[in-house]
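Below: the structure, in structure tokens.
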Amino acid sequence: MVRTTFDLGNMAAVDRYKLLTGLIIPRPIGWVGTVDAAGIHNLAPYSYFNAVAATPPTVIFSSGRPQGTAKNSLANVIATGEFTLSIVDEDLVNAMHHTAEPYPAEVSEFDATGLTPEVGNLVAAPFVAEAKAAVECRVSRIIDLGEPATASVVFGDVLLVHVAEDILNGTRIDHGRLRAVGRIAGTTYVTTADSLFEAD
Ligand SMILES: Cc1cc2nc3c(=O)[nH]c(=O)nc-3n(C[C@H](O)[C@H](O)[C@H](O)COP(=O)(O)O)c2cc1C
């Protein structure tokens with residue numbers, strides 16, 4: 001096999017990003033809901049995202065820090081210690097993509113996209129009422145990467161999980177009905193309902 005080997009220390013940031021995220025696919029999407037001190041609901045997708053432990057139940061997402069600044073989601077989790085995650089399905093993917101636009105903090109992405117905010121039972125952060133599943137989280141730690149920080153990784157303890165009953169069988173999720181979406185690259189996405197097969 002003829003290979004090209006990349007030294008990530010000697011690459012432009014955009015090429016590092018494209019190389020890494022082009023290989024680690026599909027990437028799940030954490031659709032992060034937060035609220036700011038003025039009560040404005042914020043919603044944005046993060047695909048540097050995953051569940052990293054079930055005991056304690058833990059999720060992480062990583063927010064880039066353009067010119068050292070905190071994006072709205074990160075600023076809100078630092079201020080409030082809370083966030084939600086809504087699961088993106090095929091019906092919601094276009095709305096999700098639009099919530100990634102750089103709206104100013106005083107504009108709620110819920111208003112901008114016509115999605116309905118539903119405030120959590122245990123957190124004041126909103127999730128997407130139209131989503132088939134949503135998760136309420138409390139921040140357990142935030143770890144800055146880079147010196148000075150170029151990204152911040154937010155760890156959340158999962159407090160509650162809400163799931164629509166028609167995709168649920170006990171604690172098992174019907175993936176075919178959820179039709180969750182993962183990110184491949186740019187505007188290319190994949191659903192969990194596509195081309196499922198069983199390994200031997
Ligand atoms: C599918 C998708 C995944 C994204 N993942 C990330 C991510 O992991 N980290 C990040 O910093 N930005 C990510 N972005 C970009 C943010 O969503 C975008 O910067 C957004 O405006 C941030 O909103 P906020 O300021 O309300 O937090 C992603 C965008 C899309 C469409």
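Both ligands and their constituent atoms are indexed starting at 1 by order of listing. What you see below is based on every heavy atom in this structure, not just the backbone, and it leaves out hydrogens, waters and symmetry mates.
In this structure the side chain of D174 never reaches within 4.5 angstrom of the side chain of L168, judged on heavy atoms. For the pair P28/N50, a side-chain contact is recorded, criterion being any heavy-atom separation below 4.5 Å from C-beta on. Inter-residue side-chain proximity for V190 and V181 is flagged as unmet; no heavy-atom pair is nearer than 4.5 Å.
Taking 4.0 Å as the cut-off, E109 counts as a neighbour of ligand 1 on heavy-atom distance. Under the 4.0 angstrom criterion for non-hydrogen atoms, Y189 is in contact with ligand 1.
Hydrophobic clustering, with ILVMFWY side chains joined whenever heavy atoms are under 4.5 angstrom apart, keeps V135 apart from V153.
With a 4.0 Å cut-off on non-hydrogen atoms, S62 touches ligand 1 through its backbone and not its side chain. Residue-level proximity to ligand 1 for E101 is carried by the backbone, the only part with a heavy atom below 4.0 angstrom. Neither the backbone nor the side chain of W31 has any atom closer than 4.0 Å to an atom of ligand 1 (non-hydrogen atoms only).
The list of salt bridge (charged side-chain N to carboxylate O under 4.0 Å, His left out) pairs with a residue in residues 77-89, not counting sequence neighbours, reads D89-K132.
Ring geometry for F61 against Y46 counts as tilted: the plane angle lies between 30° and 60°, on a 0 to 90° scale.
Counting atoms of ligand 1 from 1 in the listed order, those under 4.0 Å from a heavy atom of K71 are 10 (C), 11 (O), 12 (N), 15 (C), 16 (C), 18 (C), 19 (O), 22 (C), 25 (O), 27 (O). Short contacts between ligand 1 and A44, defined as distances under 4.0 Å to a heavy atom of the residue, involve ligand atoms 22 (C), 23 (O), 24 (P), 26 (O), 27 (O). When each atom of ligand 1 is checked for a heavy atom of N42 under 4.0 Å away, the hits are 24 (P), 26 (O), 27 (O). Atoms of ligand 1 found under 4.0 Å from any heavy atom of G64 (numbered from 1 in listed order, with element): 10 (C), 11 (O).
When hydrogens are left out, the protein atom nearest atom 17 (O) of ligand 1 is P45 O, 2.9 Å; that is the closest non-hydrogen contact. In terms of protein heavy-atom proximity, atom 8 (O) of ligand 1 is nearest to Y48 N, 2.8 Å. Among protein heavy atoms, the minimum distance from atom 22 (C) of ligand 1 is reached at Y46 OH, 3.5 Å. For atom 27 (O) of ligand 1, the nearest protein heavy atom (residue, atom name, distance) is S73 OG, 2.5 Å. The protein heavy-atom contact nearest to atom 2 (C) of ligand 1 is R183 NH1, 3.3 Å. For atom 21 (O) of ligand 1, the closest non-hydrogen atom of the protein is A100 O, 2.8 Å. For atom 25 (O) of ligand 1, the nearest protein heavy atom (residue, atom name, distance) is N72 N, 2.8 Å. Counting only heavy atoms of the protein, atom 3 (C) of ligand 1 lies nearest to S47 OG, 3.1 Å.
The side-chain tip of R27 does not point at the ring of F49 from less than 6.0 angstrom away and within 45° of straight on.
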Q. Side chain to side chain contact (heavy atoms under 4.5 Å, CB included) between D166 and R177: does it pass, once the steps are laid out?
A. CA-CA 8 Å; D166 60 353; R177 288 193 164 176; 4.3 Å; yes
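Looking only at atom types and distance, the side chain of R179 has no donor-acceptor partner in the side chain of T192 under 3.5 Å away. Judged purely by distance below 3.5 Å, without hydrogens or angles, the side chains of H162 and E136 pair a donor atom with an acceptor atom.
Using modelled atom types, no side-chain atom of T69 and backbone atom of R65 make a donor-acceptor pair closer than 3.5 Å.
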